[in-house]
There are 2 protein chains.
Amino acid sequence: MAEKVTIATVAAYAQVSRQTVSNVLNSPHIVRDETRRRVEEAIATLGYRANQAARQMRTGRSHLLAVRIEPTRDGINGSVLDRFLHGMTFAAAAAGYRVMLYTADDDRDEIKTFDNLLASYDLDGFVLTGTDHGDVRTRWLAERDVPFVTFGRPWDAPERHSWVDVDNAAGTAQATRRLIETGHRRIAFVGWPAGSGVGDDRRDGWQRTMKAYDLDPTGLDRGAPDGIAQGADCARDLLTTPDPPTAFVCVSDSLALGALQAAGGRKAVTGFDDTPVAQAIGLTSVSQPLADAAARCIDLLIHHLDGAPTGTHQVLLQPSLVVRTTA
Amino acid sequence: MAEKVTIATVAAYAQVSRQTVSNVLNSPHIVRDETRRRVEEAIATLGYRANQAARQMRTGRSHLLAVRIEPTRDGINGSVLDRFLHGMTFAAAAAGYRVMLYTADDDRDEIKTFDNLLASYDLDGFVLTGTDHGDVRTRWLAERDVPFVTFGRPWDAPERHSWVDVDNAAGTAQATRRLIETGHRRIAFVGWPAGSGVGDDRRDGWQRTMKAYDLDPTGLDRGAPDGIAQGADCARDLLTTPDPPTAFVCVSDSLALGALQAAGGRKAVTGFDDTPVAQAIGLTSVSQPLADAAARCIDLLIHHLDGAPTGTHQVLLQPSLVVRTTA
DNA sequence: TTGTATGCGTTATCAC
DNA sequence: GTGATAACGCATACAA
């Protein structure tokens, strides 16, 4: 292991005081050019890197951001978080921050973890993936003035805090439009039961587009919990109606896969999230710009950290339709 | 925000010196029972948690572990890392450690990141997922006495460092046996090109099992880079031979999916990794005990950190075959 | 512009 | 068994 090189080491090497080294690092403009060059050269030669722990003790900032990692829930949607995490880590590193992981069983447990993380590691901020109606976690954080950004907007109060989200409605609208343009008229929607902000938003996009083209969505709407079997059930149910649909816009790749199986491949189907499953079976799906979303989350969070803590910011990103063989 | 509660706060509340509080935390046995109880009560009442930054400055240990997060490579295998990360984070937290993420483009870049992380954050150790022949990363870490554990064994020198791995050969052996027991005799292997430790190991499991049952594997072995199209190509190639196989043991779910498509669903197929794709389409696949593997990695790493740095440890875990509809 | 002194919260060394 | 003191590496107010 290389010797530990501190500010003192650099100072001695560059023949200046420790303070001057600190100035070069934190307020370069107040140091004379020639001195600064000498110090910078010493830093490079010695390979000096500031010790975060010491810096944190002094400044109270850890340069650490936290995000929760969830167990792959229903299996099919796990890669979404994966891509988001990678994007976050990359963007954070570019800004001089690091990402720390934590797990939690539920909201109450997560709040307990917030408390621990804050007390022990002095975390600078949190990125929450997803938020519910009346989220207790965001309230807890806000009450304590802990900086945070959510990926997913708060449905009950859009401007309460900063968030980044994908325009879900635009995604399903795009899928619906594509189906209409390729000749379909009876286009069904296989979604989640009403009540989830994201699901309702995606339903809206389908419904509005249908109406915009003077197509009647009545009776073409089904809702079920996420899952392949549920998607198949919904599709079968729709196919047995008097005037059955010729295409399905689905709220997730899981439901889409089910619909695809039920339809025997003879109907057009679109999914949502562009998961590996969609890529594997050639399912046309709405793709979220996850790396971009992650980067914007980091941007917003760091903006909160660095700049004035005044006001919140919202970012709405556009998804894109990845056309494959099923639509 | 609650007031900052330090050792001094606790000491004042419990009417003892700061040092006594520290003793209660680090060497409880040398403190008188009654005093210890009083201090512990104060800690609980005040909700005191040790400040990691300060502790780290003194002890040189950050209680931080790092792991690399990779961009979902070929799409289909992303969830494996996801599950592993969750398991790591969970196990680490239980032992009082936290997991930090980093990204890297290649080995050289990763080593640079090691250096930065070590210098800036005083990381306690690394978990590397996967290791190649003559891995420069493990050499770099070993040379500097940085504790690390790999998930995946070093193929060139099995006992050079501590690792946790899954018995790949046992996995394909199990799949092959299952196919033999259900009546198949011509069982092909769709693998990766020779040279990758993992791929060769999985091929061995198939080959050995065939021979154990007096079945001739000659001519039933194909190798291709990972991918659905490649799997389909291999399967088609095998199916046009004079005595075509009736079943395919595949080295990955991607290749298995391709084989499945090429065989038109009329042949038995098994995959490897039990990815969401396998779950979605009902593909029989070998499942790795990822949460367990992650926990063992953490165990080994912390053992290195706490205990004597003498000797290395190896853990080989058994995979299990998840039987679905394709075999 | 540069140098000096001080404290962040913790633990280790030493007297008591 | 307990309490004072120093030190970890850094950044800031202040004096030179």
Side-chain angles (χ1 to χ4, degrees), chain A residues 1-40 42-43 46-64 96 116 118-124, chain B residues 1-40 42-43 46-64 96 118-124 306:
Chain A
M1 180 102 68
E3 294 304 313
K4 207 177 300 181
V5 31
T6 76
I7 276 197
T9 323
V10 177
Y13 187 93
Q15 314 257 40
V16 297
S17 75
R18 297 203 315 250
Q19 183 48 26
T20 302
V21 179
S22 179
N23 283 339
V24 169
L25 292 167
N26 301 297
S27 320
H29 54 280
I30 70 167
V31 180
R32 186 166 16 131
D33 276 13
E34 193 259 325
T35 311
R36 188 177 61 234
R37 277 202 316 100
R38 207 169 67 237
V39 171
E40 281 167 348
I43 288 176
L46 266 27
Y48 166 81
R49 257 94 25 119
N51 179 310
Q52 286 297 328
R55 164 175 291 185
Q56 172 183 348
M57 275 234 291
R58 198 68 185 87
T59 64
R61 296 197 30 190
S62 62
H63 287 226
L64 248 32
N116 277 325
L118 254 15
S120 298
Y121 289 89
D122 260 319
L123 262 90
D124 285 350
Chain B
M1 179 102 70
E3 295 305 314
K4 208 179 299 183
V5 32
T6 75
I7 274 196
T9 323
V10 176
Y13 187 92
Q15 314 256 40
V16 296
S17 76
R18 295 202 318 251
Q19 187 47 29
T20 302
V21 178
S22 178
N23 284 338
V24 169
L25 293 166
N26 301 297
S27 320
H29 55 280
I30 69 166
V31 181
R32 189 170 10 137
D33 277 13
E34 193 259 326
T35 312
R36 187 178 60 232
R37 278 203 314 101
R38 206 168 70 236
V39 172
E40 282 169 347
I43 289 177
L46 266 28
Y48 165 81
R49 256 97 22 124
N51 179 310
Q52 287 295 330
R55 164 174 292 185
Q56 172 182 348
M57 273 235 292
R58 201 65 188 98
T59 63
R61 297 201 26 194
S62 62
H63 287 228
L64 248 35
L118 254 17
S120 297
Y121 289 89
D122 259 320
L123 261 88
D124 285 349
D306 291 341

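The shown structure was predicted, so the numbers you read here are calculated from the model rather than taken from an experiment. Below, chains carry the letters A, B, ... as their sequence lines are ordered, and counting in each starts from 1.
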Could you give the [atom1]-to-[atom2] distance, from [X] to [N], as a whole number of Å?
X	N	atom1	atom2	value
B:Tyr121	D:dC8	OH	P	23 Å
B:Glu34	D:dT2	CD	P	9 Å
B:Asn23	D:dG3	CG	P	10 Å
A:Asn51	D:dC8	CG	P	12 Å
B:Arg61	D:dG9	CZ	C1'	20 Å
B:Gln52	C:dT11	CD	P	9 Å
A:Gln56	D:dC10	CD	P	14 Å
B:Arg37	D:dT2	CZ	P	13 Å

Can you tell which of [options] lies closest to the side chain of [X]?
X	options	answer
A:Met57	D:dG9, C:dT10, D:dG3	D:dG9
A:Ile30	C:dT2, C:dG9, D:dC10	C:dT2
B:Gln19	D:dT2, D:dA13, D:dG3	D:dG3
A:Ile7	D:dT2, D:dA11, D:dG9	D:dA11
B:Leu25	D:dA11, D:dC10, C:dT11	C:dT11

| With no angle test and no hydrogens, is the base of C:dT10 tied to the side chain of B:Arg55 by a donor-acceptor pair under 3.5 Å? |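 A donor-acceptor contact between them is absent.
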| field | Under-4.0 Å side-chain N/O to phosphate OP1/OP2 contact, A:Arg18 with D:dG9 | value |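 For D:dG9, OP1/OP2 do not have a side-chain N/O of A:Arg18 under 4.0 Å.
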| Any A:Thr59 side-chain nitrogen or oxygen under 4.0 Å from OP1 or OP2 of D:dC10 |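 Checking A:Thr59 against D:dC10: no side-chain N or O falls below 4.0 Å of OP1 or OP2.
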| task | With DNA chain D as reference, determine whether B:Ser17 or B:Arg58 sits nearer its 5' end, using the nearest nucleotide of each. | result |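 The residue closer to the strand's 5' end, by nearest nucleotide, is B:Ser17.
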| field | Salt bridge present between A:Lys4 and B:Asp122 (N-O < 4.0 angstrom) | value |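 B:Asp122 and A:Lys4: not salt-bridged.
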| message | By the 4.0 Å heavy-atom rule, please label A:Ser22 as base, sugar-phosphate, or nothing. | response |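 Since a base atom lies under 4.0 Å of A:Ser22, the category is base.
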| request: Just call it for A:Ala50: base, sugar-phosphate, or nothing, with non-hydrogen atoms closer than 4.0 Å on any strand. | output: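 Sugar-phosphate contact only.
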| field | Test item: A:Gln52 side-chain N/O and B:Ala53 main-chain N/O as donor-acceptor pair under 3.5 Å | value |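 No: the side chain of A:Gln52 does not pair with the backbone of B:Ala53.
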| query | Any sub-3.5 Å donor-acceptor pair from B:Arg38's side-chain atoms to B:Ala14's backbone N or O? | reply |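 It does hold such a pair.
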| task | Apply the test side chain to side chain contact (heavy atoms under 4.5 Å, CB included) to residues B:Val31 and B:Val39: give CA-CA distance (whole Å), side-chain angles for both, the deciding distance (0.1 Å), then the verdict. | result | CA-CA 10 Å; B:Val31 181; B:Val39 172; 6.0 Å; no
| query | Does any donor atom in the side chain of B:Ser22 or B:Asn26 lie under 3.5 Å from an acceptor atom in the other side chain? | reply |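 B:Asn26 and B:Ser22 do have a side-chain donor-acceptor pair below 3.5 Å.
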